[in-house]
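Start at 1 with the first residue, then count along the sequence.
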Amino acid sequence: MAELHPEIATVTARVVERSAPSRKAYLDLIARERESGVHRPMLNCGNLAHGFAASGEDKPAIKAGRAMNIGIVTAYNDMLSAHQPYGRYPEQIKIFAREVGATAQVAGGVPAMCDGVTQGQRGMELSLFSRDTIALSTAVALSHGMFDGAALLGICDKIVPGLLIGALRFGHLPMILIPAGPMPSGLANKEKQRIRQLYAEGKVGRDELLESESASYHGAGTCTFYGTANSNQMMMDVMGLHMPGASFINPGTKLRQAVTRAAVHRLAAIGANGNEYRPLGLCVDEKAIVNAVVGLLATGGSTNHAIHLPAIARAAGIVLDWEDFDRLSAVVPQVAKVYPNGSGDVNHFHAAGGMSYVIASLIDAGLLHDDLLTVAGSRLRDHARDPKLIEDELVFEEAPDHSHDESILRAPANAFKADGGMRLVKGNLGRATFKTSAVDSSRWTVEAPVRVFDDQDDVMAAFKAGELERDVVVVVRFQGPRANGMPELHKLTPQLGVLQDRGFKVALVTDGRMSGASGKVPAAIHLTPEALGGGPLARLRDGDVVRLSAEEGSLEALVDAQDWEARAQAVPPPPAFGTGRELFAFMRHGADGAEQGASAMLAAAGL
């Protein structure tokens, strides 16, 4: 194993130093909570009786207080394909817990939005804030003091970050995240993208588009492209918060159930009363957070985590910024090409060697911290294993020593790209994220006149009217967390792709979001400070020239400095009502910047 890369060590030291006061406060908190917080021995008899009243055959064990009681926090609903398999998990987890002398109860449910359903719709304006709602719901679930550990059931975009943020405030408890796996591969993602673009051009109708979409998203399990949901699973692996190899086993298989069973057995073994106590708050430390960033960069994961990871880190008293991402990206090679960065999906990635190969090869290259406190081993390398069933017995085999498909997965020494494909761009418009891994390098710099919009539907209308048939930087502003909840703008990807394919230089600049499925168009996203409240994006006017360059790390409005400073801010659109958006006004009003995690909840808590 190589020594840790010096820049990984330097960034980690930078995070440790910056976080020292807040991390100490956090560790003091979880130590106090373990000693004197709310837990079963402290509950009054009336409290306790309410807690086990409906626990059936587990009532004697919970009443006696000698067995570990696992709280199940579930994000189940059966509209969201990724979470549909969770419907039967609580029953199974209770059985698996009894096998090792433990008990389990459903502590609570958390909401789980499907960004695929809400994409381009009003509900998308609730999406980012659903993360904090999930964190709050997790805290409510665990607040009863009935539980000695927790099984966290969640997969998708905001759900895993929300579960972790809430759970970390109960960081004295051991916890394991339990995934449900991706759906089997359907229509190839490249073909799906082709049909979407044809629809945008008016060359196929709605029936053909719907047939394509339903052939791609066709069953239970996570969507198979490498967006935010599957990036979540990768991060839990490199942080050591899953059972080894748990992420990408398809739902409904015997192996999937066997790994879930092993997770419950393991959770029962790492409680405070045993010899392997592994509280979540100690597992999630500065090294684990840096590993999450490294894994994200190495695999070309979702840029949404430029928002979520700082928020997760804050919940554990750790301060992470976009400079850390940028510095790590410069030295972490891209070892995976999974759609939208390549043609294969996550099932193909898993078959090529998957996360066990990624973890082992990155540790060998000195790019991941191996010395982590993980849920299932003595170091992270113990997670570089693949679960297999041999005569119905679960075993964990060592990672393969080579990739089984180098068009999808490679060793760091033979990487697809020398850097991690996520750049910080900054200038007189603010700071933003540019995901280069999905964009051809010939398009990493775009300089063109802007067309400014305050609503993505207006972009669609301008495209249909032929008003964007030129070199153009499309600016979509008042899309930040304080303006309208920072919706994702994937709805624009096919149209911008059409313009690019017609030979125009095209880029997107926005204070809104695009995730790991953002595709081939260069985009400066998550721009902060946002337009609402004084961000410089509100000064831009149609026809101004903007230069966006990943090579230079720059995002500049090429406007005379005196003129720029004298300009008035554009008037923001009025707050939206309907689809429940008005109920989230307090989250919009209190949200801090994208680089801090865009969270009113964490800001109000002083975290």
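Side-chain N/O atoms of Lys158 and Ser127 include a donor and acceptor closer than 3.5 Å. For the residue pair Ser231/His305, the side-chain donor-acceptor check at 3.5 Å is not satisfied. Side-chain contact, His242 with Asp237: a donor N or O sits under 3.5 Å from an acceptor N or O.
Using a 4.5 Å cut-off on side-chain heavy atoms (C-beta onward), Pro182 and Asn250 make contact. Residues Phe349 and Phe248 form a side-chain contact, since some pair of their non-hydrogen atoms from C-beta on lies under 4.5 Å apart. Side-chain contact between Ile134 and Ile165 is absent, with no heavy-atom pair separated by less than 4.5 Å.
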Set out, in order, the CA-CA distance, both residues' side-chain angles and the distance that settles side chain to side chain contact (heavy atoms under 4.5 Å, CB included) for Val473 and Arg547, then state yes or no.
CA-CA 9 Å; Val473 174; Arg547 181 177 177 84; over 6 Å; no

What's the verdict on side chain to side chain contact (heavy atoms under 4.5 Å, CB included) for Asp324 and Val293, showing C-alpha distance, side-chain angles and the deciding distance?
CA-CA 9 Å; Asp324 300 322; Val293 179; over 6 Å; no

Show, in sequence, the C-alpha distance, side-chain angles and deciding distance for Thr74 and Tyr89, and conclude whether the side chain to side chain contact (heavy atoms under 4.5 Å, CB included) test is met.
CA-CA 9 Å; Thr74 176; Tyr89 272 44; over 6 Å; no

Going through the checks in order, is the salt bridge (Lys or Arg N to Asp or Glu O under 4.0 Å) test met by Glu213 and Arg196?
CA-CA 9 Å; Glu213 296 291 327; Arg196 285 179 176 178; 2.7 Å; yes

Do Asp364 and Arg381 pass the salt bridge (Lys or Arg N to Asp or Glu O under 4.0 Å) test, and can you show the C-alpha distance, the side-chain angles, and the key distance before you say yes or no?
CA-CA 10 Å; Asp364 288 342; Arg381 187 176 288 277; 2.5 Å; yes

Could you go step by step and tell me if Val238 and Val294 meet the side chain to side chain contact (heavy atoms under 4.5 Å, CB included) rule?
CA-CA 9 Å; Val238 297; Val294 169; over 6 Å; no

Stepwise side chain to side chain donor-acceptor pair (under 3.5 Å) test for Ser356 and Asp386
CA-CA 6 Å; Ser356 66; Asp386 289 307; 2.8 Å; yes

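Counting only distance, with no hydrogens or angles, the side chain of Ser329 and the backbone of Met422 share a donor-acceptor pair below 3.5 Å. Looking at Thr118, its side chain does come within 3.5 Å of a backbone N or O of Cys114 through a donor-acceptor pair. Although no hydrogens or angles enter the test, the distance criterion places no donor-acceptor pair under 3.5 Å between the side chain of Glu208 and the main chain of Leu210. Side-chain atoms of Arg513 come within 3.5 Å of backbone atoms of Met486 as a donor-acceptor pair (strictly under, hydrogens ignored). A side-chain donor-acceptor contact under 3.5 Å links His218 to the backbone of Pro184. No donor-acceptor distance shorter than 3.5 angstrom exists from the side chain of Lys287 to the backbone of Leu373, with no hydrogens or angles considered. Panel note: side chain Asn232, backbone Cys156; a donor-acceptor pair is recorded below 3.5 Å. Although no hydrogens or angles enter the test, the distance criterion places no donor-acceptor pair under 3.5 Å between the side chain of Tyr217 and the main chain of Cys223. Between the side chain of Arg410 and the backbone N or O of Glu406 there is at least one donor-acceptor pair closer than 3.5 Å. Using a distance-only test at 3.5 Å, with no hydrogens or angles considered, a donor-acceptor pair links the side chain of Asp326 to the main chain of Leu424.
Within a 6.0 Å sphere centred on NZ of Lys491, other residues, nucleotides and ligands contribute more than 12 heavy atoms. Residue Glu211 places its CD atom among 12 or fewer non-hydrogen atoms of other residues, nucleotides or ligands, all under 6.0 Å distant. Annotation: Lys426, atom NZ; neighbour count of heavy atoms from other residues, nucleotides and ligands within 6.0 Å does not exceed 12.
For His350 and His348, the gap between ring centers reaches or exceeds 6.0 Å.
For Asp321, the salt bridge (Lys or Arg N to Asp or Glu O under 4.0 Å) partners are Arg14, Arg18, not counting sequence neighbours. In terms of the side-chain contact (heavy atoms from CB on, under 4.5 Å) criterion, residue partners of Ser81 (sequence neighbours excluded) are, by chain and number, Met183. Here His308 pairs with Arg131 under the side chain to side chain donor-acceptor pair (under 3.5 Å) rule; sequence neighbours left out. Judged as a side-chain contact (heavy atoms from CB on, under 4.5 Å), and not counting sequence neighbours, the contacts of Ala150 are Leu142, Leu152, Met175. Lys388 pairs by the side chain to side chain donor-acceptor pair (under 3.5 Å) definition with Glu397, not counting sequence neighbours.
The aromatic rings of Trp322 and His526 lie tilted to each other, with the angle between the two planes from 30° to 60°.
The two atoms that bring Thr528 and Ala594 nearest to each other are OG1-N, 4.0 Å, heavy atoms only. Ser247 and Met234 get closest at one heavy-atom pair: OG-N, 4.3 Å. Pairing each heavy atom of Ala507 with each of Leu548, the nearest pair is CB-CD2, 4.0 Å.
Every pair passing salt bridge (Lys or Arg N to Asp or Glu O under 4.0 Å) that includes a residue from residues 300-317 is listed here, sequence neighbours excluded: Arg314-Asp592.
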